[in-house]
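Down below is the structure, laid out as C-alpha cells.
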Amino acid sequence: MQNQVPITRASIRKQCREARNALSSNQQLAAAEALASHVIEAINHDNIGSIGVYLASDGELSLSPLIDYCWRHNIRVNVPVLHPFSKGHIVFCDYRPDSEMVNNKYNIQEPKLTCHALTPLHELDVILAPLVAFDDDNQRLGMGGGYYDRTLAAVTPEHKLAVWGVAHQCQHIPSIPCEPWDIPMNRILAF
C-alpha cells in the first residue's frame, strides 16, 4: 500500500501558485476581462460606489480592466496597505491614477499612506480579496500572512460589506483544511 501524502495548507499553496503562474498571458487577460465584465454588472445592479481591490502580483488575477472602469465612472477605488502600527493588519487607501506608489516589505506596490487617503471599512461596499486557493464552501486560502483574516474579523453585519474572493478557476480545490481564524468569503469569483 502506497503512503498517502497528507494535504496541507502549504502543499495547497504550492500547487495552486504553480497552476496560476503557468497560465499564459492570453489566459490571464481573458480571465481579467471576464472578471471585470462580471463585477461591472454587479456594480451597476447593486449601485456600488466604493470598492476595495488589490494590485495583482505572483500570477493573481488582474483587476486592471475593472480598476480602469471604476476610475472612468467615478467609483471610488481603494487598495490594501500594510498597517503601519498594527502588525499583521491592512488598511484600505484611496487609489487614483496619480497616487504616489511605494513598494511594501513584500515588494508589492501600494499607495503611499496618508491620513486623508484612508478609507474605513464601513465606507466600502465590496472588497475583492486575492487568494491562493478556494473551495466549495467559499473558504479562502491566502498567502499565509493572515492580513485579510485579521482585518475582516472586525467586520460586523452592520457594515453591510460584501467580501468576494477572486481567483483563476485552476485555484479551486474541493476542500481546504480550515483554521478557526479563517474568514469565509461571501462569494468566489473564479474565471
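When a residue number appears, it is its place in the shown sequence, counting from 1.
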Side chain to side chain contact (heavy atoms under 4.5 Å, CB included) test vs Val53 passes for just one of Val39, Val166, Val79, namely Val79

Determine whether Tyr148 and Ile183 make a side-chain contact, defined as any pair of heavy atoms from C-beta on separated by less than 4.5 Å. no

State which residues pass salt bridge (Lys or Arg N to Asp or Glu O under 4.0 Å) with Asp182; sequence neighbours excluded, sorted by chain then number. Arg9

Could you list the residues that satisfy ring pair (Phe, Tyr, Trp, His ring centres under 6.0 Å) with Phe92, not counting sequence neighbours? none

Does Phe134 share a hydrophobic cluster with Val132, counting links as ILVMFWY side-chain heavy atoms below 4.5 Å and allowing steps through other members? no

What pairs of residues pass the side-chain hydrogen bond (donor to acceptor under 3.5 Å, both in side chains) test when at least one of them lies in residues 137-147, not counting sequence neighbours? Tyr106-Tyr147

Do the side chains of Arg96 and Asp94 get nearer than 4.5 Å, heavy atoms only? yes

Mind checking what makes side chain to side chain contact (heavy atoms under 4.5 Å, CB included) contact with Pro120, not counting sequence neighbours? His122, Glu123

To the nearest 0.5 Å, tell me how far Ile188 CD1 sits from His172 NE2. 9.0 Å

Looking at every heavy atom in both Pro174 and Asp135, which two are closest together, and how far apart are they? O-CB, 3.4 Å

Do the side chain of His168 and the main chain of Gly59 share a donor and acceptor less than 3.5 angstrom apart? yes

For Phe191, all residues meeting ring pair (Phe, Tyr, Trp, His ring centres under 6.0 Å), sequence neighbours excluded: His38

Can you see which heavy atom on Ser50 is nearest to which on Leu124, and at what distance? OG-CD2, 3.4 Å

As a quick check of understanding, evaluate side-chain contact (heavy atoms from CB on, under 4.5 Å) for Leu152 and Ile127, giving each step before the final call. CA-CA 10 Å; Leu152 295 175; Ile127 292 175; 4.0 Å; yes

Can you list everything that forms a side chain to side chain contact (heavy atoms under 4.5 Å, CB included) with Ser25? Sequence neighbours excluded, please. none

Go through the structure and list residues passing side chain to side chain donor-acceptor pair (under 3.5 Å) with His83, not counting sequence neighbours. none

Can you check whether Leu66 reaches Leu128 side chain to side chain, under 4.5 Å on heavy atoms? yes

State, yes or no, whether a side-chain contact exists between Glu60 and Tyr54 at a heavy-atom distance under 4.5 Å. yes

Under a 4.5 Å side-chain heavy-atom rule over Ile, Leu, Val, Met, Phe, Trp and Tyr, are Met101 and Trp71 clustered together? yes

Is a donor on one side and an acceptor on the other found under 3.5 Å between the side chain of Gln171 and the backbone of Leu131? yes

Side chain to side chain donor-acceptor pair (under 3.5 Å) partners for Lys112, two or more places apart: none

Donor-acceptor pair, side chain of Ser37 and main chain of Ala34, under 3.5 angstrom: no

By side chain to side chain donor-acceptor pair (under 3.5 Å) - contacts of Arg13 (at least two apart): none

Give, for atom CG of Asp149 and atom CG of Leu141, the distance between the pair rounded to the nearest 0.5 Å. 9.5 Å

Going from CG on Asn74 to CZ on Arg72, what distance comes out if it is rounded to the nearest 0.5 angstrom? 11.5 Å

Output for pair (Leu82 CG, His89 NE2), nearest 0.5 Å, gives 12.0 Å

Pairs where residues 157-169 contributes a residue and the test salt bridge (Lys or Arg N to Asp or Glu O under 4.0 Å) is met, not counting sequence neighbours: none

Rounded at 0.5 Å granularity, tell me how far CD1 in Ile43 sits from NE2 in His73. 9.5 Å

Within one Ile-Leu-Val-Met-Phe-Trp-Tyr cluster: Ile173 and Met185, side-chain cutoff 4.5 Å: no

Report yes or no: does Asn186 contribute a side-chain atom to a donor-acceptor pair with the main-chain N or O of Ala162 at less than 3.5 Å? no

Quick one, Ile51 with Asp125, criterion side-chain contact (heavy atoms from CB on, under 4.5 Å). Give me CA distance, side-chain angles, the key distance, then yes/no. CA-CA 6 Å; Ile51 187 168; Asp125 296 313; over 6 Å; no

What heavy-atom pair brings Gln109 and Leu55 nearest, and what distance separates the two atoms? O-CD1, 3.6 Å

Just by modelled atom types, is the Met143 backbone N or O under 3.5 Å from a matching donor or acceptor in the Arg17 side chain? no

Residues sharing Val91's hydrophobic cluster, by side-chain heavy-atom contacts under 4.5 Å among ILVMFWY, directly or via others? Val81, Leu113, Leu118

With sequence neighbours excluded, residues passing salt bridge (Lys or Arg N to Asp or Glu O under 4.0 Å) with Glu18: Lys14

Looking at side-chain heavy atoms only, is the closest gap between Ile7 and Ser175 below 4.5 Å? no

Residues Asn78 and Arg76: closest non-hydrogen pair is ND2-O, 3.6 Å

So, does His45 use its side chain to make a donor-acceptor pair with the main chain of Glu41 at under 3.5 Å? no

Check Ala22 against Gln27 and note the closest heavy-atom contact, atom names and distance. O-OE1, 4.5 Å

If you define the side chain from C-beta out and look only at heavy atoms, does anything of Asp58 sit under 4.5 Å from Asn21? yes

Can any side-chain N or O of Thr151 pair as donor or acceptor with the backbone N or O of Ile90 at less than 3.5 Å? yes

Taking all non-hydrogen atoms of both residues, which atom of Ile12 and which atom of Pro177 are closest, and how far apart? CD1-CD, 3.5 Å

